[in-house]
Amino acid sequence: MEYLPASIETKWQEYWKTHKKYLASESSDKPKYYVLDMFPYPSGAGLHVGHPLGYIASDIVARYKKHLGYNVLHPMGFDAFGLPAEQYAIDTGQHPAITTAQNIKTYKDQLSKIGFSYDWDREVITSEPDYYHWTQWIFMQLFNAWYNQATDRAEPIKILLEVFEKEGNKHVKAAQSDSTPVFSAQEWHTYDEEQRALILLNYRLTYLADVVVNWCPALGSVLANDEVKDGFSERGGHPVERKKMKQWMMRLTAYAERLLQGLDVIDWSDALKDIQRNWIGKSIGAELKFKVKDSDLELTVFTTRIDTIFGVTFVSIAPESDLLTKLTTPEQANQVADYVQKAKNRSERERMADVKTVSGAFLGSYAINPFSGESIPIWVADYVLAGYGTGVVMGVPSSDDRDYRFAKHFQLPIRCVIEGTEELENPTEKKQGKMINSGFLDGLNYQDAILKAIEHAQAQGFGLKKINYKLRDAVFGRQRYWGEPIPVYYKNGVPFLISEEQLPLILPQISHFKPTESGEPPLARAQNWLHEGKYPYEQTTMPGWAGSSWYFLRYTDAKNPQAFASKDATTYWGQVDLYMGGAEHATGHLLYSRFWNLALYDLGYVAHAEPFKKLINQGMIQGRSSLIYKQKNAEVFLSHKLSKGQDCQELHVDVSLVTNDVLDVEAFKKWRPEYANAEFVLDNGKFECAYQVEKMSKRWYNVVNPDEVVARYGADTLRMYEMFLGPLEYSKPWDTSGIDGVSRFLRKLWRTCIGREGESLLSKNQPISDKENKILHNLIKRVREDLDRFSFNTVVSSYMIALNELNSLESKQQEVFEKFLILLSPFAPHIAEELWHLLGNSSSVIDQPFPMYDDKYLKESGFDYPVSVNGKLRASLWLANGTDAETALSQALALDKVQTWVEGKTIKKCVFVPNKILNLVV
RNA sequence: GCCCAGGUGGUGGAACUGGUAGACACGCAGGACUUAAAAUCCUGUGGCUGAAUAAGCCGUACGGGUUCGAUUCCCGUCCUAGGCACCA
């Protein structure tokens, strides 16, 4: 009987489905294990061979854990709101829901062919009202919460209201907007509903504010910081500009410190943690007040290097600062106005592209260094960012590169305050050392100087220790149609929540998906879309990351109509034990999810603070493009080697026309009829292509579709080959020609077990030989150990080695091969199940307990020692266990090969490490 | 510029705490079976010297160091990929 993957794979997929093999349940005595894949966005292009890499790995883990006796939750669903479907809707008029449904179907078809063990009963789709009902609900919880810095957690807003009633906001320590007014209890009582609502917006975890946002005119929407790369939109690559707009925001910054601390207790790669740490960007420093000379004004600067305070020779402020006019003297007014005008006109991208250009203007007034009493000039400069720190910088040209460039350019004095920097042409090259020219700080190293300076500033009352974060609050609105409606309506321009009973707020039907002619979001087109018939609803929708920020919680209780998930369910399943996905979500999804989960934790809805216990970033599978060479100005193609040194044009050819770098010329001519009559110069009868590793993309004709691979080799081969390619975390090119190795292995396994008529070729009921046991138990040990450390590629080679070894033996016991099939089933479940049944079993292989190994079969009676002389390998020597160093030495010296190297020399030392090595030093 | 990860045969990679570098595959070469092809099986395959499956030398990006012994640890340089980037 032949191994025909196509028929057995569909058969078993059907069987597992109808026998509900993958359903997870909350009522189980077994320990739980939650394996999750990152939420896919179902794009129209479907899956290529790189996408399932992580899914296969997580599926192997899910199946392995099931064999080990865990109650496994392994769900899948779709992040279905998003730009591509909407862009398509704008172009064609087709409703994005239709496109999305089609794409989801394509994805599910493709996924189902690979044999994943997903519990499809828990599928979630973010664009369905049953789901976004709860996305909206979570938004409302965040709206009704504030961050109490005194208790260091989010609390219901009504606690804050009670405080306001009693004592106003004077003593409230909260994460709040900068512009929050200070008021007393009496004042609070005089405010009307709308005034109170506006004040509360300064505290809510989701709030409406005027902010400078990333506006992408081509997409007609604002974008989050992580959706902008180098001044262009991540999706589509359109230019992005800075614009001030009224926007819904998430008070992410309230959680900066806890998001940072939380990284210490989760098992993620250091690389990923570092990305998040950098993004949060904590810096510890000091805030200092500089009095302005001959004025009541004060400037507050933020610095991380207060130790260099005696090196300050100027102060610079951001062009956006409100203080600018007050600090500018009449003589300087024109010059400053000119400069500010120029600076504002410089776009964000220009400023980024051209970091080296120094510009600024003197304001005419002076500040007083609080430490030295010295007067120093105040400048305006566009290298100072209004949004970071206080928007005012103390210029220390001897220790800071930008200050140095600025001082050089405007010929401001440079004073060295670190020992050894005076001799340097550029003193900023040395940033640490003993302090000099620094009054009472002289002689201290920089850390001690920082502590002493802060102490001094605090004692004198002009400064205090201060922590700053680069992290910004996240913009939470999009001027788009295809997203969750924000459950808010407006009364006189003041936002109010709808009530929970009114959820879900359904996305209304509209006729066109473009923004209106007057530039309003598409939802402005909705007819009679009013709250209680009179109040307009919010017209922006939630961003793509809303639905994906909590989907892992929904899976625990996916069908619950009463809650986003019951506390019992989220508590039972707890953290995601293994989260598999790409590192590209480091500053987006992975940060936002942690934030939402923390907020829900503070408010008592989930029992754990961190959602993802362990996270593995699978690498990317790159394309391996095939290239051919055509002579310029001639219809002549040259085989790769012949093209060297020739003046040739390089063309990408479709990788499906190429086998082992040899081009099927006839197929190529069919594909590219314009070259049907071209001449092909062969090399040794073959037309060879060059190759290049690059991103898998249609434009390079290097996309390989998993469906095609499954059709040709079977899902088991695809699964094993993706794992065999190399360590999961690495990026590596896909080369279809390598797949034969895995395919041969599975066919060999089949032929070893099953004869022509489907009969077992294995012997039964005979004692298992020591050799067989040794091979089997070695394999069990390796598979378990390697799977426990997620080393999937080495497991595949272990199977191959074991099969080769078993095949070299005379007797083949069915019992041994049955164990082998269980070991194999996480990787290749279909063939394992088929052979399991053909060998006479009626149960399912995927339910079998994972084999255990017994050390007694692995023990060796001795070891074949490498014998080296002066570290160079010269011979090998078999010694029984327990041989002592002396005997080992004398036996080694008896070897001819050793004699040649030690003859006439004295043996200085003999290194004997049992079961490792014998090394003679002469 | 800063932060992080990584450089091993023609290719993907293995070597788990410093102990026989190149497992397992692909590819290639040769052979067997076959009318032929596919499939399958066998042999060889890091480089150099050599008739050699005798022996030796070199070899894990490069240059040093520690060690009896380094792909593995340390220092420096180069390269590649990722992240951040006037963040005070």
Quiz item: What distance, rounded to whole Å, do you find between the two P atoms, one in B/rA23 and one in B/rC4?
Solution: 35 Å
Practice problem: Kindly point out which of B/rA23, B/rG12, B/rA88 is positioned nearest to the side chain of A/Pro733? | Solution: B/rG12
Exercise. Pick the P atom in B/rC73 and in B/rC16, then give their distance to the nearest Å.
Key: 11 Å
Quiz prompt | Pairwise side-chain contact, A/Leu746 with A/Thr717, heavy-atom cut-off 4.5 Å (strictly under) | solution = yes
Quiz prompt | Side chain of A/Asp864 - closest among B/rU20, B/rG19, B/rC24 | solution = B/rU20
Quiz item: Taking the nucleotide of RNA chain B with the closest heavy atom to each, which residue, A/Glu785 or A/Tyr721, is nearer the 5' end?
Solution: A/Glu785
Self-check item: Distance between P atoms of B/rG7 and B/rC74 (Å, rounded)
Solution: 14 Å
Exercise. Look at the side chain of A/Val393 and decide which nucleotide, out of B/rA25, B/rA88, B/rC57, has an atom nearest to it.
Key: B/rA88
Quiz item: Which dot-bracket notation, 5' to 3', represents the base pairing of RNA chain B when pairs are defined as Watson-Crick or G-U with both distances under 3.5 Å, crossing pairs as [ ], and inter-strand pairs as |?
Solution: (((.(((..(((......[....)))((((((.......))))))((((.....))))..(((((..]....)))))))).)))....
Exercise. For A/Trp901, report the nucleic acid contact type (base, sugar-phosphate, nothing); a contact means any heavy atom under 4.0 Å.
Key: sugar-phosphate
Quiz prompt | Short side-chain N/O contact to B/rA25 OP1/OP2 from A/Asn793, under 4.0 Å | solution = no
Quiz item: Roughly how far apart, to the nearest Å, are B/rG27 and B/rC33 at atom P?
Solution: 23 Å
Quiz item: Do A/Thr794 and A/Arg782 have side chains that get closer than 4.5 Å, going by heavy atoms?
Solution: yes
Quiz item: Given B/rC24, B/rU40, B/rA88, which nucleotide is nearest the side-chain atoms of A/Ser797?
Solution: B/rC24
Practice problem: If a protein heavy atom is under 4.0 Å from the base, mark B; if only from the sugar-phosphate, S; if neither, -; do that for nucleotides 64-73 of chain B going 5' to 3'. | Solution: ----B-----
Exercise. Quote, to the nearest angstrom, the P distance that separates B/rU71 from B/rG65.
Key: 15 Å
Self-check item: From B/rA23, B/rC58, B/rA88, nucleotide with atom closest to A/Lys872 side chain
Solution: B/rC58
Quiz item: Do any side-chain nitrogens or oxygens of A/Arg277 fall under 4.0 Å of OP1 or OP2 in B/rG83?
Solution: no
Quiz prompt | B/rG44 and B/rA54, which share atom name P, separated by this distance in whole Å | solution = 13 Å
Quiz item: Nearest to the side chain of A/Thr794, which nucleotide is it out of B/rC86, B/rA14, B/rG12?
Solution: B/rA14
Self-check item: Per A/Asn804 side chain, nearest of listed nucleotides B/rG83, B/rA25, B/rC41
Solution: B/rA25
Exercise. Kindly say if A/Lys916 contacts the phosphate of B/rU17, meaning a side-chain N or O under 4.0 Å from OP1 or OP2.
Key: no
Quiz prompt | Nucleotide nearest A/Asn660 (side chain, heavy atoms from C-beta), chosen from B/rG56, B/rC86, B/rC28 | solution = B/rC28
Self-check item: Nearest-neighbour nucleotide for the A/Lys470 side chain, B/rA15, B/rA88, B/rC84 considered
Solution: B/rC84
Quiz item: Is any side-chain nitrogen or oxygen of A/Arg744 closer than 4.0 Å to OP1 or OP2 of B/rC26?
Solution: yes
Quiz item: Does a nitrogen or oxygen in the side chain of A/Arg747 sit under 4.0 Å from OP1 or OP2 of B/rU40?
Solution: yes
Exercise. Verify the neighbour count for atom NZ of A/Lys273: are there more than 12 heavy atoms of other residues, nucleotides or ligands below 6.0 Å?
Key: yes
Quiz item: Across the strands shown, which category fits A/Ser269 at heavy-atom distances under 4.0 angstrom: base, sugar-phosphate, nothing?
Solution: nothing
Quiz item: If the P atom of B/rU34 is compared with that of B/rC24, how far apart are they to the nearest Å?
Solution: 30 Å
Quiz item: Just checking A/Arg472: base, sugar-phosphate only, or nothing, at a heavy-atom cut-off of under 4.0 Å?
Solution: nothing
Self-check item: Under 4.0 Å protein heavy-atom contact, by nucleotide of nucleotides 3-10 of chain B - B base, S sugar-phosphate only
Solution: -S------
Practice problem: Report the glycosidic orientation of B/rG13: syn if within 90° of 0, anti in every other case. | Solution: anti
Exercise. Just compare B/rA88, B/rG19, B/rC86 and give me whichever is closest to any side-chain atom of A/Asp382.
Key: B/rC86
Quiz item: Is A/Lys897 touching bases, backbone alone, or none of the nucleic acid, heavy atoms closer than 4.0 Å?
Solution: sugar-phosphate
Quiz item: B/rA36 and B/rU43: how far apart are their P atoms, nearest whole angstrom?
Solution: 23 Å
